[in-house]
Novice: 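Quick one: structure below, then a few questions.
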Amino acid sequence: MKVKTALLALLLVGALAAGASAQAGFITIGSGATTGVYFPIATGVARMINDANLGYRANARSTGGSVFNIGAIQSGELQMALVQNDIAYYAYRGLVVEAFRGRPTPKLRGMAVLYPEPIHILARSDRNIRSVADFKGKRVYVGDVGSGAEQNSMQVLEAFGLKVDDLAEPVRGSATAGAQLLQDGRIDGMFYTVGLGNAAITQAALTAPVTFLGLEPARIAQLRQKYPFLTAFTIPAGAYRGVNAPVATVTVLAQLATSTDIDTSTVYNVMRLLFDEKLADFKKIHANLERYFDLERSLDGMAIPLHAGAQLFYREKRIPIPAGIEAR
Ligand code: GLU
């Protein structure tokens, strides 16, 4: 009887302790549209964190994308998020992107660079559009409100001497809606900065007559000069229906980010879980991780300081930390 009572007491204390830490350790992971790549990855990461019983509860949230996610990390609404490396840099420094210009986001910290996100540029084949220059006076989906993709659309338009106002109508909303409008012929083109093989572009290519527009080398050089985070990338033949030859474009990189609000051990534990103990499971979450994620290269393209817990993990793994991104 005595033993039983003691055991019960022990169980109770254990349950209380677990309850308390779970409450303290609630991790909401920001992503993007449900048909993007961020969302399935955030969902998979949340599931892995929950399954590992680390003492935190994690969940994924569908959002507008990088700009929203970084703002929400700064405000404390999100604890982790997938974000573009270009937008992360501008946000941390308070540059370029209107939402952050003069309003930097000092809480933002890096964890790992994951995979490339090429700028996909699509036009309906029945609208006489041969280049981005022909988007003038057309209805074009430019990205979600709060996406990094929207910023990239404006940058590419700018490289062709166009502004959003030169479009007949810049259409914003979820990429899911963008693909649907293209399919219905209610818009003429679409920009989307997203991992290869994502559901929105796949669906658009399957259901509508679309052409993937490429960028010439001179245009890529021009873009890179102004926006150095945009690097040359080739969408391989066969990536989508109708892509019979490689398409030259530019890419940014998706990264996992977090906040200085989160303590060192929490971030360290998540890093160890995803990128060490369960690396095989992590890569299985999405084809882009399977194809591109490499821990040895997960600091290439990182342009914001690391979280202290991430730095601890990289040091332990003897992965060199490039100058300028040390935890602070
Ligand atoms: N790169 C996009 C953005 O932040 C989101 C892509 C995705 O949801 O996979 O705007």
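Only heavy atoms go into these numbers, but all of them, side chains included; no hydrogens, no water, no symmetry mates. Order of listing sets the numbers, starting from 1, for every ligand and every atom in it. Residue indices begin at 1 and follow the sequence shown.
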Novice: Do N85 side-chain atoms and A303 backbone N/O form a donor-acceptor pair below 3.5 Å?
Specialist: no
Novice: With atoms numbered from 1 as shown, which atoms in ligand 1 lie under 4.0 angstrom from a non-hydrogen atom of E117?
Specialist: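 Checking each atom against E117, I get 1 (N), 2 (C), 6 (C).
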Novice: Parallel, tilted or perpendicular: which describes the rings of Y90 and Y227, with under 30° parallel and over 60° perpendicular?
Specialist: perpendicular
Novice: Taking only Lys NZ, Arg NE, NH1 and NH2, and the carboxylate oxygens of Asp or Glu, determine whether E77 and R61 approach each other closer than 4.0 Å.
Specialist: yes
Novice: Find all atoms of ligand 1 within a distance of less than 4.0 Å from any non-hydrogen atom belonging to A149, and give their numbers and elements.
Specialist: 3 (C), 10 (O)
Novice: Nearest protein heavy atom to atom 5 (C) of ligand 1, by residue and atom, and its distance?
Specialist: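 Result: Y38 CE2, 3.5 Å.
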Novice: Considering the heavy atoms of Q84, write down every atom of ligand 1 situated less than 4.0 Å from one of them.
Specialist: 1 (N), 2 (C), 3 (C), 4 (O), 10 (O)
Novice: Looking at N269 and Y56, what are the two nearest heavy atoms and their distance?
Specialist: ND2-OH, 3.1 Å
Novice: Quick check on contacts: which atoms of ligand 1 are under 4.0 angstrom from a heavy atom of S147?
Specialist: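 Under 4.0 Å from S147, ligand 1 has these atoms: 10 (O).
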Novice: Between T207 and Q183, is there a side-chain donor-acceptor contact under 3.5 Å, judged purely by atom types and distance?
Specialist: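 Yes, side-chain donor-acceptor contact under 3.5 Å.
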Novice: Which of the atoms of ligand 1 are close to G65, meaning less than 4.0 Å from one of its heavy atoms?
Specialist: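 By the 4.0 Å cutoff, the relevant atoms are 4 (O).
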Novice: Would R172 pass as a cation-pi partner of Y141, given that its NZ or CZ must be under 6.0 Å from the six-membered ring centre and within 45 degrees of the axis?
Specialist: no
Novice: Between Y240 and H120, does the ring centroid distance fall short of 6.0 Å?
Specialist: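 Here the rings of H120 and Y240 have centres that are less than 6.0 Å from each other.
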Novice: Identify, by atom number and element, the atoms of ligand 1 in contact range of V194, meaning under 4.0 Å from any of its heavy atoms.
Specialist: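 With V194 as reference, the close atoms of ligand 1 come out as 6 (C), 7 (C), 9 (O).
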Novice: Can you tell me if S62 and Y38 form a side-chain donor-acceptor pair at under 3.5 Å?
Specialist: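 No.
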Novice: So which of N152, T251, D86, T249 actually passes side-chain hydrogen bond (donor to acceptor under 3.5 Å, both in side chains) with T193?
Specialist: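 Of all the options given, the one that passes is N152.
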Novice: Looking only at protein heavy atoms, identify the closest one to atom 2 (C) of ligand 1 and say how far it is in Å.
Specialist: T193 O, 3.3 Å
Novice: Give yes or no for whether the N/O distance cutoff of 3.5 Å, strictly under, is met between Y115 and ligand 1.
Specialist: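 N/O-N/O distance under 3.5 Å: no.
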Novice: Should G32 be counted as touching ligand 1, given the test is an N or O pair under 3.5 Å?
Specialist: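 N/O-N/O distance under 3.5 Å: no.
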Novice: Atom 4 (O) of ligand 1: which protein heavy atom is closest, and how many Å away?
Specialist: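 Among all protein heavy atoms, the one nearest atom 4 (O) of ligand 1 is S66 OG, 2.6 Å.
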Novice: Report yes if V37 has an N/O atom closer than 3.5 Å to an N/O atom of ligand 1; otherwise report no.
Specialist: yes
Novice: Would you kindly specify which portion of E150 sits under 4.0 Å from ligand 1, judged on non-hydrogen atoms: side chain, backbone, both or neither?
Specialist: neither
Novice: Do me a favour and list the nearest non-hydrogen protein atom to atom 10 (O) of ligand 1 with residue, atom name and distance?
Specialist: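 I find the closest protein heavy atom is G148 N, 2.6 Å.
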